[in-house]
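Okay, so here's the structure we're looking at.
Per chain, numbering begins at 1; letters A, B, ... match sequence-line order.
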Number of protein chains: 2
Amino acid sequence: MPANRAATRRDNQRHRTRKDLLEAAARLLQRGGVPGMDEVAAEAMVSRATAYRYFPSVEALLVEAPLDGLIPGPERVFPADDESTDPAERIDRAEAALHDACYRYEAQLRRMLAASLARTAKGSRRDGVPVRQNRRTLLIEAALAPARRRLSKSAYARLCAALAIVLGAESMIVFRDVLGLDERTARKVKSWAVRSLVAAALKDSDKRR
Amino acid sequence: MPANRAATRRDNQRHRTRKDLLEAAARLLQRGGVPGMDEVAAEAMVSRATAYRYFPSVEALLVEAPLDGLIPGPERVFPADDESTDPAERIDRAEAALHDACYRYEAQLRRMLAASLARTAKGSRRDGVPVRQNRRTLLIEAALAPARRRLSKSAYARLCAALAIVLGAESMIVFRDVLGLDERTARKVKSWAVRSLVAAALKDSDKRR
DNA sequence: CTTGACATGAGACGCAAGTCTCATTAGTGT
DNA sequence: ACACTAATGAGACTTGCGTCTCATGTCAAG
């Protein structure tokens with residue numbers, strides 16, 4: 001057999017089967033509820049056994065189900081023709097964008113969060129599962145760009161970290177599960193918090209001159 | 001039958017059964033691994049059916065179990081002879097206490113957080129059942145007590161909610177998993193953030209007079 | 001064309017979660 | 001003391017997850 005061969009039909013088939021499963025899972029997730037392996041397999045027109053041949057568990061499948069493009073990047077929130085310079089207004093806009101995405105895809109984000117927590121708690125067993133990535137920092141840095149020169153390096157890092165706590169999906173967990181607050185209230189609180197934090201950082205640096 | 005009756009033997013019995021279940025769960029958790037309802041019930045020397053009569057699911061039990069005594073309450077952070085009045089200093093002290101507990105029991109908190117996330121992602125069936133218990137708000141309110149009169153009701157609620165985002169175990173997840181920051185840095189960022197938020201809230205209210 | 005490896009389908013199986021019913025024990029009020 | 005009711009135990013039952021085996025159709029190399 002050829003040692004190094006480009007994609008054969010079998011490879012294509014495997015790739016398609018895997019993709020079909022992920023897309024089926026995404027469809028079912030968007031339709032609401034949490035599908036079982038049976039449902040996903042049926043939706044993908046594949047037998048249950050085959051589904052388990054590609055993913056070790058339902059969770060593994062659901063975690064990988066397409067989330068790409070759902071979370072807005074800096075280029076969507078701050079288009080090229082955007083000329084705003086007020087960092088508080090910009091960070092609030094970034095927060096609003098992330099807020100909407102978080103609540104729209106709440107179930108999926110919760111699942112990813114839970115999966116990453118389980119992984120770090122037990123000790124990385126699987127390397128196939130996607131590692132947790134950081135989209136919020138890009139957004140925060142883009143929002144803070146106009147004010148970056150006004151802050152010392154450490155103050156800037158501190159502000160970014162503090163904002164990262166507020167901007168992510170984790171704050172949604174706190175609002176809903178711990179505090180029992182609705183989405184609108186959460187948005188107001190976060191809006192006030194991020195604006196206050198930016199203002200505080202800027203005031204700190206002004207004082208030091 | 002008496003309409004308003006003090007604790008009868010039945011009440012005591014119920015209370016003891018519930019406590020036995022929680023303690024059994026805590027024991028098993030500390031021993032490592034994630035016990036099933038069968039194990040917890042056996043450890044508590046109670047039938048499985050009874051366990052389900054007190055807790056709607058295994059997770060509900062596990063989430064409540066191991067937190068007792070681990071997270072410091074207001075009375076530990078603010079003893080009766082405490083006479084501090086600076087809300088920023090007090091909230092920082094509360095943050096420090098919660099911070100230490102979070103990092104000391106990190107593994108356990110991660111497990112519980114993952115469990116509660118998995119549950120809410122799956123079900124959406126039980127809306128009445130509190131997903132997580134909320135110990136941080138007690139701490140926050142105790143810390144803010146000296147300044148409560150200086151804030152409007154809505155500003156006070158907003159500040160409490162914002163602080164709840166920073167004070168919990170979720171921020172630890174962000175610091176470690178998303179930002180990759182160590183404990184000392186996390187503490188510094190949170191300390192600055194909570195102080196800034198309290199100061200901002202107080203300044204807001206002063207401005208409005 | 002033939003042979004073996006491969007992707008899949010079908011379904012049985014064990015396991016744990018959660019629900020439900022019925023019987024038993026023990027407090028509760030009269 | 002008596003009837004009543006609440007707390008529990010025991011166990012059957014359903015459902016979904018994950019594993020396993022076997023049969024079938026198909027691709028690939030000689």
Side-chain angles (χ1 to χ4, degrees), chain A residues 1-22 24-25 28-29 33-65 111 114-115 118 122 125-126 128-129, chain B residues 1-22 24-25 28-29 33-63 65 114-116 118-126 128-129:
Chain A
M1 71 179 151
N4 263 354
R5 158 174 30 94
T8 71
R9 298 189 203 177
R10 290 207 201 257
D11 292 328
N12 287 332
Q13 183 178 27
R14 262 189 315 241
H15 189 262
R16 261 186 299 108
T17 305
R18 184 188 164 82
K19 183 175 58 69
D20 287 347
L21 280 167
L22 288 173
L28 293 175
L29 280 174
V34 178
M37 196 57 113
D38 280 315
E39 295 174 68
V40 180
E43 174 76 19
M45 292 188 296
V46 155
S47 99
R48 209 167 64 96
T50 298
Y52 274 106
R53 286 187 185 106
Y54 282 83
F55 297 92
S57 70
V58 215
E59 283 304 306
L61 204 174
L62 297 183
V63 164
E64 272 191 64
R111 214 170 342 265
K122 298 228 169 178
R125 319 181 321 191
R126 280 187 202 297
V129 247
Chain B
M1 68 180 144
N4 267 353
R5 155 174 32 92
T8 70
R9 298 191 202 176
R10 296 214 166 159
D11 294 327
N12 289 332
Q13 185 177 24
R14 256 176 314 185
H15 189 262
R16 262 187 299 106
T17 306
R18 184 187 165 82
K19 183 175 58 69
D20 287 347
L21 281 167
L22 288 173
L28 293 175
L29 278 174
V34 179
M37 195 59 113
D38 279 315
E39 295 174 68
V40 180
E43 174 76 19
M45 292 188 294
V46 156
S47 98
R48 209 166 63 95
T50 298
Y52 274 106
R53 286 188 185 105
Y54 281 82
F55 298 92
S57 70
V58 212
E59 281 79 14
L61 207 174
L62 297 185
V63 164
S116 75
R119 193 173 92 204
T120 51
K122 287 214 171 142
S124 77
R125 317 180 317 212
R126 307 176 196 295
V129 179

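- Of all non-hydrogen atoms in Val34(B) and Glu39(B), the two that sit nearest each other are O-OE2, 4.4 Å.
- With rounding to whole Å, Phe55(A) atom CZ is found 12 Å from dT8(C) atom P.
- The CZ-C1' distance, from Arg16(B) to dA26(C), rounds to 12 Å in whole Å.
- If you take CE of Met37(A) and C1' of dG11(C), they are 16 Å apart, rounded to a whole angstrom.
- The distance between atom CG of Leu62(A) and atom P of dG16(D), rounded to the nearest whole Å, is 15 Å.
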Self-check item: Check against side chain to side chain contact (heavy atoms under 4.5 Å, CB included), Leu29(A) and Arg111(A)
Solution: CA-CA 11 Å; Leu29(A) 280 174; Arg111(A) 214 170 342 265; 3.1 Å; yes

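- Considering only residues two or more places apart in sequence or on other chains, Ser47(B) meets the side-chain contact (heavy atoms from CB on, under 4.5 Å) condition with Ala49(B), Thr50(B).
- Summarising the geometry of Met37(A) relative to Ala51(A), their closest heavy-atom pair is SD-CB, 3.7 Å, with the distance given to 0.1 Å.
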Quiz item: Reading nucleotides 8-14 of chain D from the 5' end, what letters show protein touch, with B for base, S for backbone sugar-phosphate only, - for no heavy atom under 4.0 Å?
Solution: BBBBB--

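- Counting to the nearest Å, the C1' atom of dA16(C) and the CD atom of Glu59(B) are 12 Å from each other.
- Residues passing the side-chain contact (heavy atoms from CB on, under 4.5 Å) test with Ala25(B), sequence neighbours excluded: Val40(B), Leu61(B), Leu62(B), Ala65(B).
- Here dG16(D) presents its C1' atom at 10 Å from CD of Glu39(A), a figure rounded to the nearest Å.
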Practice problem: I would like to know whether Met45(A) and Asp20(A) meet side chain to side chain contact (heavy atoms under 4.5 Å, CB included); could you show each step before the answer? | Solution: CA-CA 8 Å; Met45(A) 292 188 296; Asp20(A) 287 347; over 6 Å; no

